Amino acid sequence: MASLVSSPFTLPNSKVEHLSSISQKHYFLHSFLPKKTNPTFSKSPKKFQCNAIGNGLFTQTTQEVRRIVPENLQGLATVKIVYVVLEAQYQSALTAAVQTLNKNGEFASFEVVGYLVEELRDENTYKTFCKDLEDANIFIGSLIFVEELALKVKSAVEKERDRLDAVLVFPSMPEVMRLNKLGSFSMSQLGQSKSPFFQLFKKKKSSSAGFSDQMLKLVRTLPKVLKYLPSDKAQDARLYILSLQFWLGGSPDNLVNFLKMVSGTYVPALKGVKMEYSDPVLYLDSGIWHPLAPCMYDDVKEYLNWYATRRDANEKLKSPNAPVIGLVLQRSHIVTGDESHYVAVIMELEARGAKVIPIFAGGLDFSGPVERYFIDPITKKPFVNSVVSLTGFALVGGPARQDHPRAIEALTKLDVPYIVALPLVFQTTEEWLNSSLGLHPIQVALQVALPELDGGMEPIVFSGRDPRTGKCLLLLFSWKSHALHKRVEQLCTRAIKWGELKRKLKAEKKLAITVFSFPPDKGNVGTAAYLNVFASIYSVLKELKKDGYNVEGLPETSAELIEEVIHDKEAQFSSPNLNVVYKMSVREYQKLTPYATALEENWGKAPGNLNSDGENLLVYGKQYGNVFIGVQPTFGYEGDPMRLLFSRSASPHHGFAAYYSFVEKIFKADAVLHFGTHGSLEFMPGKQVGMSDACFPDSLIGNIPNVYYYAANNPSEATVAKRRSYANTISYLTPPAENAGLYKGLKQLSELISSYQSLKDSGRGPQIVNSIISTAKQCNLDKDVDLPDEEQDLDAKERDLVVGKVYSKIMEIESRLLPCGLHIIGEPPTAMEAVATLVNIASLDRPEDDICSLPSILAATVGRNIEEIYRGNDKGVLRDVELLRQITEASRGAISAFVERSTNNKGQVVDTSDRLTSILGFGINEPWIQYLSNTQFYRADREKLRVLFQFLGECLKLIVANNEVGSLKQALEGKYVEPGPGGDPIRNPKVLPTGKNIHALDPQAIPTTAAMQSAKIVVERLLERQKADNGGKYPETVALVLWGTDNIKTYGESLGQVLWMIGVRPVADTLGRVNRVEPVSLEELGRPRVDVVVNCSGVFRDLFINQMNLLDRAIKMVAELDEPEEQNFVRKHALKQAKTLGIDVREAATRVFSNASGSYSSNINLAVENSSWNDEKQLQDMYLSRKSFAFDSDAPGAGMMEKRKVFEMALSTADATFQNLDSSEISLTDVSHYFDSDPTNLVQNLRKDGKKPSAYIADTTTANAQVRTLSETVRLDARTKLLNPKWYEGMLSTGYEGVREIEKRLTNTVGWSATSGQVDNWVYEEANTTFIKDEEMLNRLMNTNPNSFRKLLQTFLEANGRGYWETSEENIEKLRQLYSEVEDKIEGIDR
């Protein structure tokens, strides 16, 4: 605020005449300097309350603040106008227009009432709306793009349409546009005709957002043409277009003439009254606007000339060295006079010494104006250092159809950081401040998710709305935008800081690289998914040094870098402490950290006992020149079982806050680089999206530009980092995948099966089968395959079946993909390392691109269908298992041959397009044809192969491209980083190349039709499997988990699974968005509707709140269907629970749960990783207390509400638990999230009969989707990873970090024992044999990372102590002895 009051601006009298006509108002400064402190701003920063007030919706305002009823003393005819708009900027201008007309009182008396489309969710408001329409003359609608509300508007207006004198709908969904009626002009044919209006809605390949531009061209030219056409129809069409001109030029004067024109022409009571109206005052379609400028400019040079001659600006602002910030504004706010929030941002930037170029557009396509006004046409260099869009919309297309490629093209040319800030649209300031969710879900979908697809960052809420009435006659403050001053200060400072990165010399830039240590232990410093962190940092720093950054004193190797960061050099011996880079006194900490007192409620007075020596707060890390490598502190409560039980997460501790205060205010970083997936900053408490300054992620990151390396396959958590810590997320590749292969007994089995196939008809067949059975038992395969006794007599058919089943199992193990080793930033895989990935890319059909999968092409060659072969293989039909192996081998061989031809002798991919042209040109010589000519598949369809290999060539180029360091350099130089989707490169190769600014997807686009198809297959397989395991009975309830990342990767498959279980299907609107569902009839479903208990991860809740709303509506709809209870288990349970709890059926049908807003995970993972739990009951209590917050579609504004009783009752009916695995690189024991969300043992405790539910995992990582039991999946995981030499040697080759990865897999296995009891004893026994009994291996682990090795030993001892692993006393004694040895080594190692 201070910065605004003390800004270097005065308004001398001589200047007033220079104000633009729009801002020349006597309350000019009034509109952005609040008259009194609003009590909502001074709330205690640590309290978050739910806004479950009023109607439980987000928007508590009503239409009454927008109702004007005239006194009409002269007895004039009354014209009643009802309007519905998306945003409220038209309210003040319409109010002013109506008051002017009524004051003059010449022709008629005008009554007006306005609704924000969002208010129509409230039933009472909707009834009033319908009632208002009954005696209305004119209806006006604009920008109605939310389907469920659009349908409400349509149904209400349709009833009255014939009676209404005029219906005017401006750009909205086609359903609403069809309501238009002006005399003989109508749009009822919209959608069938070739009308120019319909063409606007068609998806155009070239530019789907040409919508608004074409609309504007039409608006400009049509009236002139239509004027000379005689027919009434043409004149009515002309008046419609004029209406649109008046509306788009929404100033009070334009709206006065608009109302005169429409009512004078179409209201029967005014027939014969001559109402003179002027033509619309047209404003520039696009241009540059400044509140102090004499006019709008459409030439940037003219604008800059005016800027240089301003008398009110100081010299600093006119200096050529001042930073320049571009702003993107909505014209409607400027012309309607609702621009005070824009003025505040301009003034704040100028007060901070930045020049401003504020541009606007009248339509919804801002890409043209961005290129026209921000880029110098001669040098092609940008005039601006960074750009902030204050519209909140996507750059091209606004809330309608977007054209992201067009936006990216314009922003790439501009090449500066692009920030999209948010004005509150559907909430008042107070509603937003009180909401734990933060922004309204529809606004998140339209104004956060869509701009991210353009590469937009930093969704900071900068303006609010006031709920007060619009009846004030003199000063029209009605429901206007007002700046939120603390937010505006932060937005402007951050925009300037991003801009400074473009201007500052590299040698002077300071960079704070932040690494994570989780769980807190020296062996864990530098944790990140799939990443060799220190080798990557070392590689990045060498590049930056080469580029001119000051990285003084960088050691010679990455191993030395680790040593310097993780050991305190001042300690005489080895110390448990990391290197301390700074000691911060409590006084200094309090001075630098304004929110320090807010942390005392959870952590007491500073310094506390975390990251402190009792007197000072300690910052760990090491500085090299202008680069600081620091260790982010952890949550702090992971070791405290009592805190882990709290339903809401604690605030950051003092040490955490001190770290970020150090980075910003003492080290004075120009940017912070968070290194790898992921830290704790973005998961601190606060609103989900659209944070206030009382939210901890916002306070912690402060004003530092944040660049964040995130794994390309984790778009969901990357999106949380983007929204809650304002990160520019840059994707990195996961390590190249390889097939797991076979080893030890499994390899022996494979050889035995080969000899059986060649000798099965000789006398030796039965003997070989016996060897196969005994070897399979030694390999513990008897848990997965039903094996007969070795001596049992089997006929030839039975022998084939036994061998087929074992063969199918080992092929499943052999072909499983696993990431080998860890990725190093800037080191892409070699071409041959990419083969396994390409084989998997080639195994999927891509009908949308007319690409057939390689296995299906090869299967067709021998007259078979690949799906049949998959099914036969799953059943263990020996012929099919063998054929599938041959197809797999041929696929690998053909692709390897292709890759070899595409690379040079160094193994690098040469320009594949040239190579491909030559390869694709020769028909017979194509390498895959040459390879296949020696197999049984020599007659494969050449055309299909050519199309496929052309696609694979493109993919190969993307896999080996290297832009991870390049993109980081761009970000640090204040350039635009191209956005790209995150996800699974096998399903969606567009994820590649890495080094893109990761985004998720439009949350309203899922589930897609293809995802629903896949979902149905998995659900049917799951229900079949459960029926088979459960005496032919369908499960009544399935408890399942929804993850953010897997729904992004699969476009909503698991969401689709929930819908299909309860028997409903999603319905997409005309824009392809899914906001509705309809029930599928029981006849079509062919089975009962299965009840569900849905546990949404905290990340899913943040990203897909609209989909939670959809699910909750769907489940409640099914509970209210009039169907027999035995065919509708949702209804059966809801009725019973309603009776028991004394609540209504809709509330009893609550099934969609997650954490409280701002909290994540059940904390079981933290308890297991830190061994901070006593018994399984404690873990189950954590789950219940943290995960029992429900989303209620009947009161979406109330946020997540605790409903533990309903949660427990719903879970107690579960017959099965279920989760999905969606990509090869993350499986059950790779991360702790999966067991953290597993309620298997909990359900057993809640069920009255104490029966353990079946636990299933769907695996859709390959084209052949599988539903396995949880224990089968844990065994598969152990065999392919933890116990597989290929995997653990790959990890150990990366050194220090590799040991930690091995330990992590064992700890996660213990997690599964704790939550589900589904881990076999042999898994622990084999792991002990592999890592502890082998003396050489044991020494490698101990010497490479003694801290992680100590944790490995501790985990073995814990598994035994908790009863999960029975083993010999000798094994336990050895582990204890090793534990004391490694303790001594860590404490007193002589370095």
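In this text, all values refer to a predicted model and were calculated from it rather than measured experimentally. The first residue of the sequence shown is numbered 1, and numbering continues consecutively from there.
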A.B. asks: Is a donor on one side and an acceptor on the other found under 3.5 Å between the side chain of Ser536 and the backbone of Ile825?
C.D. replies: yes

A.B. asks: With Val672 as reference, evaluate Leu681, Leu511, Ile704, Val707 under the side-chain contact (heavy atoms from CB on, under 4.5 Å) test and give the passing residue.
C.D. replies: Ile704

A.B. asks: Is a side-chain donor-acceptor pair under 3.5 Å present for Thr1045 with Asn714?
C.D. replies: yes

A.B. asks: Measure the CG-OG1 distance between Leu958 and Thr994 for me, rounded to the nearest 0.5 Å.
C.D. replies: 10.0 Å

A.B. asks: Regarding Asn1165 and His1233, do their side chains bring together a donor and an acceptor under 3.5 Å, going by distance alone?
C.D. replies: no

A.B. asks: In plain terms, say whether Glu973 and Lys969 are close enough for a salt bridge, that is, a side-chain N and a carboxylate O under 4.0 Å apart.
C.D. replies: no

A.B. asks: Ser612: which residues meet the side-chain hydrogen bond (donor to acceptor under 3.5 Å, both in side chains) condition with it, sequence neighbours left out?
C.D. replies: none

A.B. asks: What I want to check is whether the side chains of Glu588 and Tyr582 have a donor and an acceptor closer together than 3.5 Å.
C.D. replies: yes

A.B. asks: Would you say the side chains of His654 and Gln590 form a donor-acceptor pair under 3.5 Å?
C.D. replies: no

A.B. asks: Can a side-chain donor-acceptor contact be found between Ser539 and Glu543 if the only test is distance below 3.5 angstrom?
C.D. replies: no

A.B. asks: Could you point out which residue of Lys497, Lys504, Arg503 forms a salt bridge (charged side-chain N to carboxylate O under 4.0 Å, His left out) with Glu500?
C.D. replies: Arg503

A.B. asks: Can a donor-acceptor pair be found between the side chains of Trp498 and Glu458 at a distance below 3.5 Å?
C.D. replies: yes

A.B. asks: Have Tyr1288 and Glu1301 got a donor and an acceptor in their side chains that come within less than 3.5 Å?
C.D. replies: no

A.B. asks: Is a donor on one side and an acceptor on the other found under 3.5 Å between the side chain of Asn1345 and the backbone of Tyr1296?
C.D. replies: yes

A.B. asks: Would you indicate whether the side-chain heavy atoms of Tyr620 and Val581 approach each other to under 4.5 Å?
C.D. replies: no

A.B. asks: Flag the pair Phe656 / Tyr660 as yes when their ring centroid distance falls below 6.0 Å, and as no otherwise.
C.D. replies: yes

A.B. asks: Supply the atom-to-atom distance Ile959 CD1 to Glu833 CD, rounded to the nearest 0.5 angstrom.
C.D. replies: 11.5 Å

A.B. asks: So, Ser967 side chain and Glu964 main chain: donor-acceptor pair closer than 3.5 Å or not?
C.D. replies: no

A.B. asks: Listing request: all salt bridge (Lys or Arg N to Asp or Glu O under 4.0 Å) pairs with a residue in residues 719-736, at least two apart in sequence or in separate chains.
C.D. replies: Glu452-Arg723

A.B. asks: Check whether NZ of the Lys or CZ of the Arg Lys510 lies under 6.0 Å from the centre of the six-membered ring of Phe667 and within 45 degrees of that ring's axis.
C.D. replies: yes

A.B. asks: Would the distance check show the side chain of Thr677 and the main-chain N or O of Ala711 forming a donor-acceptor pair, the cut-off being under 3.5 Å?
C.D. replies: yes

A.B. asks: If only atom types and distance count, is the side chain of Asn616 paired as donor or acceptor with the main-chain N or O of Lys583 below 3.5 Å?
C.D. replies: no

A.B. asks: Would you find a donor on one side and an acceptor on the other, under 3.5 Å apart, between the side chain of Ser731 and the backbone of Gly995?
C.D. replies: yes

A.B. asks: Taking the ring centre of each residue, are Phe628 and Phe662 less than 6.0 Å apart?
C.D. replies: yes

A.B. asks: Counting distance only, does the side-chain N/O of Glu978 pair as donor-acceptor with the main-chain N or O of Lys996 below 3.5 Å?
C.D. replies: no

A.B. asks: Is there a donor-acceptor contact under 3.5 Å from the side chain of Lys509 to the main chain of Leu501?
C.D. replies: yes

